[in-house]
Amino acid sequence: MTWQPTPLEEQRLDKLASLQEAGIEPYPLRVERTHTSEEALALFETLGEGEEATVTVCGRIQSMRDMGKTVFAHIVDGNGRLQLFVRREAIGEEGHRHFRKLLDLGDFVQATGTLFRTRAGEVSVQVSDWKLLSKAISPLPVVKEQEVDGEVVRYSAFADVEERYRQRYADLAVNPDVRQVFRTRAQIISAMRRFMDDHGFLEVETPILQPLYGGAAARPFTTFHNQLKQELYLRISFELYLKRLLVGGYERVYEIGRDFRNEGVSFKHNPEFTQMEFYAAYWDYNDVMAHTEQMMAYIAEQVTGSAVISYQGQEINLAPPWTRITMRDAIQKYTGIDYMNHTDAESLAVAVQEMGKARGVATQTPPGASWGKLIDGLLGDFVEPNLVQPTFVTQYPRDISPLAKGIPGDPLHVERFEFFIAGMEMGNAFTELNDPIDQRQRFEMLQQMYGSDDEELNPIDEDYLRAMRYGMPPNGGFGTGVDRLTMLLTDKTTIREVLLFPHLRERE
RNA sequence: GGCCCUGUAGCUCAAUGGCAGAGCAACUGACUCUUAAUCAGCAGGUUGGAGGUUCGAGUCCUCCCAGGGUCACCA
């Protein structure tokens, strides 16, 4: 949609013209900053009696209080804010008038002057010269803040969630706490990367555009390469490529990147999301569990200063060791059903229905759901919400775990775990299947289970099987959602608050 | 996709079916150090969109759009 200036924008365009008439360049090329606001404030504290310091600072005008002869303005820069004290005697009649009349909230300015403390006690810049750096045409939402008993109270905050997401730049510009969320997110990823690097893992990048998709049960996005005349899929996981690298001789690899799943959006689902997966040769899922709990505690400590965090008013302790419970015990504990007494889908569905009736709760046993799917459904409905403290749920049904190694003597389970924190699934891992014959059978079993028109059915990846036939070391693998981890460590209840530009429906 | 809720000035919000309002921002001015500055004045609207009921609709009805919640779906 083309831009039609609003009346407020027309006023600012008029000011822009006045500035240019006065010979002021509204979008100059060069900036002469000597100090950030933070540095300027620190510098002032080091000054001795009678000492002076001149600084040139830059930032966006956040507030302006015009007292006639004197104008007080706060500018905000990357890490803080600073008050400008603009006095007519100090900068001359014209500079004073232009500052008062032609600048607006939202403009970027540069100001030069000496640091001093006002009568009210705030360290400020006594401006002797200023320069416009960028004229803002559209008014940012006005946010006023006041300090009451050390707490910052905000007024008229920009709060409409839809507009905040659609215009994240404006959200970030006026809401410092939002800026902080994404700093924390960067720290989380940085700490995760450090932990992996320090444990001998090699960071790699594998294809996002893939001729075949796999590694998860999800519908992919499809696209097309014109010159190759080839249909391509955006990856739904990294798994099959990372394990090829173990065949190639790397012992420990990981990747942090974007996965794409063509599914519904919700408070914990976005069509593209960030995952970290790793694979370690000679590890089994017990080793992966130990690594997981250490890593999560490390990240929390690095980011929040403690392995004990607060999420939605609940205290959560990420320090190892975490609770470990088998799937069978977990289901039994929270539903009363021992699914080993119902080892086929039909019988288990009956047991689930009876349990639901007895407890007066709705249960879902969709026709055609496999035994494993039913168990997974019970986990999601009855167990997951209770797992507030970090918990590993271990030993998953084989039929929903086609890439995990079986447990010897147990035809129904595999060495797989998921871990849960704050009632949310945070990750998935297993002792990886490295037997190419078994793997082919698992893939073929899936083909029968899903039916050929089910889009969640992964095509059989013959190249992956070929790689495995060259010999893949036994290994443990792991995947976790970085967005959900960020939600946890920033105390946010929706994934959109931790994505800079969450996906929204197109308007009009 | 089902159900529920929401959409009014740039921002935050009012308005029993009866003249669309307030605060902040803007604009005009006053003011010797203010900090949600203050004071005086002035302006700002297709009430998300399209229909309908009614003498009269921001308000009631239908459809559509967008968002939120919830359920379904989603390893």
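Heavy-atom basis, side chains included; hydrogens, waters and symmetry copies ignored. Throughout, a chain's letter reflects where its sequence line sits, starting with A, and its residues are numbered from 1.
- For B/rU34, the base has no donor-acceptor partner in the side chain of A/T70 [N/O atoms by modelled type, under 3.5 angstrom].
- Per the geometry, CZ belonging to A/R88 stands 11 Å off P belonging to B/rC33, to the nearest Å.
- Closest to the side chain of A/E418, from the set B/rC31, B/rA75, B/rU35, is B/rA75.
- Between the CG atom of A/D66 and the P atom of B/rC39 there is a distance of 15 Å, given to the nearest Å.
- For A/E263, the listed nucleotide lying nearest its side chain is B/rC74; candidates were B/rA66, B/rC74, B/rU12.
- At a threshold of 4.0 angstrom between heavy atoms, the contacts of A/R100 include nucleobase atoms, whether or not backbone atoms are also involved.
- Look at the P atom in both B/rA43 and B/rA22: the space between them is 11 Å, to the nearest Å.
- Phosphate proximity of B/rC31 to A/K69: absent, as no side-chain N or O sits under 4.0 Å from OP1 or OP2.
- The distance from atom OH of A/Y396 to atom P of B/rA75 is 13 Å, rounded to the nearest whole Å.
- Rounded to an integer number of Å, the gap from A/H269 NE2 to B/rG68 C1' is 18 Å.
- Pair assignment for B/rG44: none, as no Watson-Crick or G-U wobble contacts are both less than 3.5 Å.
- A gap of 24 Å separates the P atoms of B/rU16 and B/rU53, to the nearest Å.
- The shortest distance between side-chain heavy atoms of A/F417 and A/V288 falls below 4.5 Å.
- Between A/T391 and A/I325 the shortest side-chain heavy-atom distance falls below 4.5 Å.
- Across all strands shown, B/rC31 has no partner, as no Watson-Crick or G-U wobble contact with both distances under 3.5 Å is found.
- Look at B/rU70: its Watson-Crick or wobble partner, with both distances under 3.5 angstrom, is B/rG2.
- Looking at heavy-atom distances under 4.0 Å, A/G106 makes no contact with the nucleic acid at all.
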**OP:** Check the pair A/E418, A/E384 against side chain to side chain contact (heavy atoms under 4.5 Å, CB included), reporting the backbone distance first and the verdict last.
**Re:** CA-CA 10 Å; A/E418 291 185 320; A/E384 186 171 332; over 6 Å; no

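- The side chain of A/T118 sits closest to B/rU35 out of B/rU35, B/rC74, B/rG67.
- Note: NZ (A/K268) to P (B/rC71) measures 10 Å, nearest angstrom.
- Within the 4.5 Å cutoff, side-chain heavy atoms of A/E122 are placed close to those of A/Q83.
- The 5' end of RNA chain B is approached more closely, in terms of each residue's nearest nucleotide, by A/L103 than by the other of A/T494 and A/L103.
- Closest to the side chain of A/R119, from the set B/rC33, B/rC74, B/rG68, is B/rC33.
- The side chain of A/R496 lies closest to B/rG68, out of B/rA75, B/rA66, B/rG68.
- In this entry the distance linking CG of A/L378 with C1' of B/rA75 reads 14 Å, nearest Å.
- Using a 4.0 Å heavy-atom cutoff across all strands shown, A/L504 reaches sugar-phosphate atoms only and no base atom.
- Closest to the side chain of A/R416, out of B/rA75, B/rC74, B/rC33, is B/rA75.
- Straight-line distance from the CD atom of A/E122 to the C1' atom of B/rU34: 9 Å, rounded to whole Å.
- One can find a donor-acceptor pair under 3.5 Å joining the base of B/rU34 and the side-chain atoms of A/Q83.
- Picking from B/rG67, B/rA25, B/rU70 the nucleotide with the shortest atom distance to the side chain of A/F267 gives B/rU70.
- Pairing for B/rA50 is with B/rU62, a Watson-Crick or G-U wobble pair whose two hydrogen-bonding atom distances lie under 3.5 Å.
- For A/E162, counting side-chain heavy atoms from C-beta on, the closest listed nucleotide (B/rA25, B/rG67, B/rA75) is B/rG67.
- Remark: B/rA15 base-pairs with no nucleotide in the shown strands. Criterion, Watson-Crick or G-U wobble with two distances under 3.5 Å.
- Classified by interplanar angle (parallel below 30°, tilted 30° to 60°, perpendicular above 60°), the ring pair A/F419/A/F478 is parallel.
- Of the C1' atoms belonging to B/rC61 and B/rC13, the separation is 27 Å, rounded to the nearest Å.
- The C1' atoms of B/rU47 and B/rG69 are separated by 24 Å, rounded to the nearest whole Å.
- Going from atom CG of A/D160 over to atom C1' of B/rA9 covers 15 Å, rounded to whole Å.
- Atom name P, nucleotides B/rU46 and B/rA72: the rounded distance is 42 Å, in whole Å.
- Checking the phosphate oxygens (OP1, OP2) of B/rC65, no side-chain nitrogen or oxygen of A/R505 falls inside 4.0 Å.
- Checking B/rC24, B/rC11, B/rA75 against the side-chain heavy atoms of A/F158 singles out B/rC11 as nearest.
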Subject >> A/R398 vs A/E415, salt bridge (charged side-chain N to carboxylate O under 4.0 Å, His left out): CA-CA, chis, key distance, verdict >> reply: CA-CA 9 Å; A/R398 184 185 176 101; A/E415 283 203 358; over 6 Å; no

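- In this structure, a donor-acceptor pair under 3.5 Å is present between the side chains of A/D77 and A/S37.
- Using P as the reference atom, B/rG48 and B/rU70 are 25 Å apart when rounded to the nearest Å.
- Side-chain nitrogen and oxygen atoms of A/R65 include none within less than 4.0 Å of the OP1 or OP2 phosphate oxygen of B/rU35.
- Comparing the C1' positions of B/rC33 and B/rA9 gives an interatomic distance of 34 Å, to the nearest angstrom.
- Closest approach to the A/L8 side chain among B/rG10, B/rC27, B/rU35 is made by B/rG10 (side chain taken as heavy atoms from C-beta onward).
- Along RNA chain B, the nucleotide nearest A/L105 and the nucleotide nearest A/P402 are compared for position; the residue whose nucleotide lies closer to the 5' end is A/L105.
- Contact between A/V393 and A/T326 at its shortest, heavy atoms only, is CG1-C, 4.3 Å.
- A/R442 has its side chain out of reach of A/L403: every pair of non-hydrogen atoms, C-beta onward, lies at least 4.5 Å apart.
- Look at the C1' atom in both B/rC42 and B/rU6: the space between them is 34 Å, to the nearest Å.
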